[in-house]
2 protein chains.
Amino acid sequence: MAQGQLAAVPEPKYWHLRTVLVRTIDAEFSTGQILPNERELASRFGVARATLRQALDQLELEGRLVRRRGIGTLIAAPRVGVPVSRREEGWPGAARSQSWRSVDCVSAPASAQIALALGIAPGETVHTVRRLRLVQGQIMATESLHVPDSVLPQLPAVPHVVGGDGEPARSVLRRLERLGIDGESRSVELGVAEADQAVLLERPPGTPVLIVTTQYASAGRLVGLAVSTYRADTCKLTFGETGLVEVTPVEAQQPVGAAS
Amino acid sequence: MAQGQLAAVPEPKYWHLRTVLVRTIDAEFSTGQILPNERELASRFGVARATLRQALDQLELEGRLVRRRGIGTLIAAPRVGVPVSRREEGWPGAARSQSWRSVDCVSAPASAQIALALGIAPGETVHTVRRLRLVQGQIMATESLHVPDSVLPQLPAVPHVVGGDGEPARSVLRRLERLGIDGESRSVELGVAEADQAVLLERPPGTPVLIVTTQYASAGRLVGLAVSTYRADTCKLTFGETGLVEVTPVEAQQPVGAAS
DNA sequence: TAGTGGTCTAGACCACAAA
DNA sequence: TTGTGGTCTAGACCACTAT
């Protein structure tokens with residue numbers, strides 16, 4: 001690993017540093033390897049530690065690095081492609097949904113925002129199922145599924161436990177599925193994990209996440225709202241609308257750059 | 001705007017600061033308003049400017065703030081919902097594609113990555129159309145569409161100008177459309193704008209973007225690869241698979257939080 | 001105990017926009 | 001010219017992990 005001399009360019013040092021590091025990483029490091037520590041790197045490039053960290057921050061945001069306190073800075077594995085679609089991921093009642101882990105299930109009056117997004121009156125009872133999505137054994141996302149009580153007419157008196165083992169949650173999911181979902185509308189945006197999500201994701205607060213908001217419809221009316229937060233560092237959301245040619249082992253480094 | 005006393009909590013100062021600022025912003029500020037300057041805010045909260053900036057960084061990543069050098073820090077407008085789907089956005093030949101602006105169109109040997117993703121041999125000629133996506137007059141995304149030469153058999157000798165006025169680009173798009181696209185496969189991930197994209201987006205390098213990679217298929221084979229980078233600060237990508245109930249004027253603040 | 005990344009400080013200077 | 005955010009520094013201390 002060479003030591004750069006950081007040319008006197010008009011671009012910020014940290015950005016130039018990032019570029020140098022990208023090249024170095026691609027050329028001399030591979031997944032799982034540990035970079036020299038920050039103080040070492042900083043002195044090697046002749047910059048303050050804070051400046052070096054600014055460059056590392058960028059690379060971490062891009063999912064190229066993982067930093068572990070007490071350990072070091074490692075080269076991250078390529079992002080995992082996570083299918084986002086009711087069919088592919090084995091939603092509610094589906095069989096292979098072993099990649100979901102129920103967290104809890106509560107019934108409460110809808111908050112203003114939830115009510116708005118569900119098209120119901122604020123304060124109306126809403127059942128909320130929280131669960132985690134696992135991919136390759138790793139926690140990749142949290143999800144809160146909100147279903148108005150009015151949609152599940154005869155929800156049996158299932159104990160709406162907090163921290164339950166998942167049985168009540170599955171009950172809600174199963175009933176929702178039975179309605180026959182015939183429409184989904186999604187949105188994806190960038191966000192940061194608040195305290196709740198951060199704990200579930202086992203990440204520090206402020207971790208960047210991809211927020212996926214899904215509206216489920218049945219017979220032309222909204223029956224559910226799911227808000228999922230995916231770890232932005234390790235996830236690549238995939239929306240396979242059709243069984244398309246699978247030629248994409250592009251697990252190289254860059255997400256297939258711009259025009260060459 | 002109150003001045004916080006920053007309780008001695010076990011959480012980082014900058015994170016607590018962020019929380020305080022979120023509350024303050026929601027309560028006392030509205031879109032377009034300017035926050036007190038950083039030095040002022042820092043002293044008001046009794047922290048170093050760097051710490052305050054760390055909190056502002058978070059809020060900017062969330063799309064709640066916009067910082068303009070020489071001006072100040074403003075409350076950002078709610079994110080714009082941007083439909084991502086061939087039909088809805090009026091792709092290639094469509095009429096209402098006035099929201100696209102051609103940048104240039106070049107033909108060159110495919111890079112290794114592009115070739116891989118397109119399932120062709122590296123070095124094979126690929127036509128690349130670059131264009132910008134405008135929403136409400138604002139540049140929201142850049143797109144590079146790569147089409148193998150072998151897919152467009154008799155591409156007339158259109159001048160593949162760099163910085164052209166868009167005519168050659170439209171030609172490629174039209175021909176591609178004529179093939180009959182019958183499949184799309186997408187992925188979304190977080191990235192940062194490199195130099196090229198940054199210039200086109202009129203943003204500084206390192207700007208967070210949502211990278212949308214789309215594979216287009218026709219008659220079972222890949223005919224195109226589009227790599228779009230959307231401004232993560234101002235965009236909310238929407239994937240409306242069906243004409244679903246449009247009840248979402250949830251342009252409040254939070255992207256519809258977790259369980260209440 | 002030693003080594004790592006995470007947080008925080010106080011200050012300096014620069015680039016940019018407006019008056 | 002003034003005020004703003006953007007960059008950079010040198011140093012301190014903390015929290016965590018391994019040994």
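Here Asn37(B) does not reach the OP1 or OP2 of dG3(D): none of its side-chain N or O atoms lies under 4.0 Å away. Contact annotation: Arg53(A) side-chain N/O to dG5(C) OP1/OP2 distance is not under 4.0 Å. Using a 4.0 Å cut-off, no side-chain N or O of Thr51(B) falls inside it from OP1 or OP2 of dT7(C). Here Thr73(A) reaches the OP1 or OP2 of dG5(C): one of its side-chain N or O atoms lies under 4.0 Å away.
Spacing between atom CG of Leu74(A) and atom P of dT4(C) amounts to 13 Å, rounded to whole angstrom units. Atom P of nucleotide dA15(C) and atom CD of Glu11(A) are separated by 14 Å, given to the nearest angstrom. Counting to the nearest Å, the P atom of dT4(D) and the CD atom of Glu40(B) are 9 Å from each other. The CG atom of Leu35(B) sits 12 Å away from the P atom of dT4(D) (whole-angstrom rounding). Separating the CG atom of Leu41(A) from the P atom of dG6(C) is a distance of 13 Å, rounded to the nearest angstrom. The separation between His16(B) atom NE2 and dG6(C) atom P is 22 Å, rounded to whole Å. Rounded to an integer number of Å, the gap from Leu65(B) CG to dG5(D) P is 11 Å. Atom CG in Leu59(B) sits about 15 Å away from atom C1' in dG5(D), given to the nearest Å.
The shortest side-chain heavy-atom distance between Tyr14(A) and Leu52(A) does not fall under the 4.5 Å cut-off. Taking the side chain as every heavy atom from C-beta outward, Gln54(B) and Trp15(B) never approach each other to under 4.5 Å.
In this structure a side-chain-to-backbone donor-acceptor pair under 3.5 Å is missing from Arg186(B) to Leu237(A).
The nucleotide whose nearest atom lies closest to any side-chain atom of Ala48(A) is, among dT9(D), dA15(C), dC13(D), dT9(D). Closest to the Arg49(B) side chain, of the nucleotides dG5(C), dA18(D), dT7(D), is dT7(D). Of the listed nucleotides (dA12(D), dC8(C), dT7(D)), dT7(D) has the atom at the smallest distance from the side chain of Tyr14(A). Out of dC8(D), dC16(D), dT7(C), the shortest distance to the side chain of Arg69(A) is found at dC16(D). Taking every side-chain heavy atom of Lys13(A) into account, dC8(D) is the closest of dG5(D), dG6(C), dC8(D).
The closest side-chain donor-acceptor pair between Thr229(A) and Thr142(A) falls under 3.5 angstrom. Looking at Thr128(B) and Ser144(B), their side chains never bring a donor and an acceptor atom within 3.5 Å of each other.
Note on Arg68(A): only backbone sugar-phosphate atoms sit closer than 4.0 angstrom, heavy atoms only; bases stay farther off.
Projected onto DNA chain D by closest heavy-atom contact, Glu60(B) and Gly70(B) fall at different nucleotides, the more 5' of which corresponds to Gly70(B). Projected onto DNA chain D by closest heavy-atom contact, Ile34(B) and Ala50(B) fall at different nucleotides, the more 5' of which corresponds to Ile34(B).
Atom CD of Gln138(A) has 12 or fewer heavy atoms from other residues, nucleotides or ligands within 6.0 Å.
Remark: the Arg39(B) side chain and the dG11(C) base include no donor-acceptor N/O pair separated by less than 3.5 Å.
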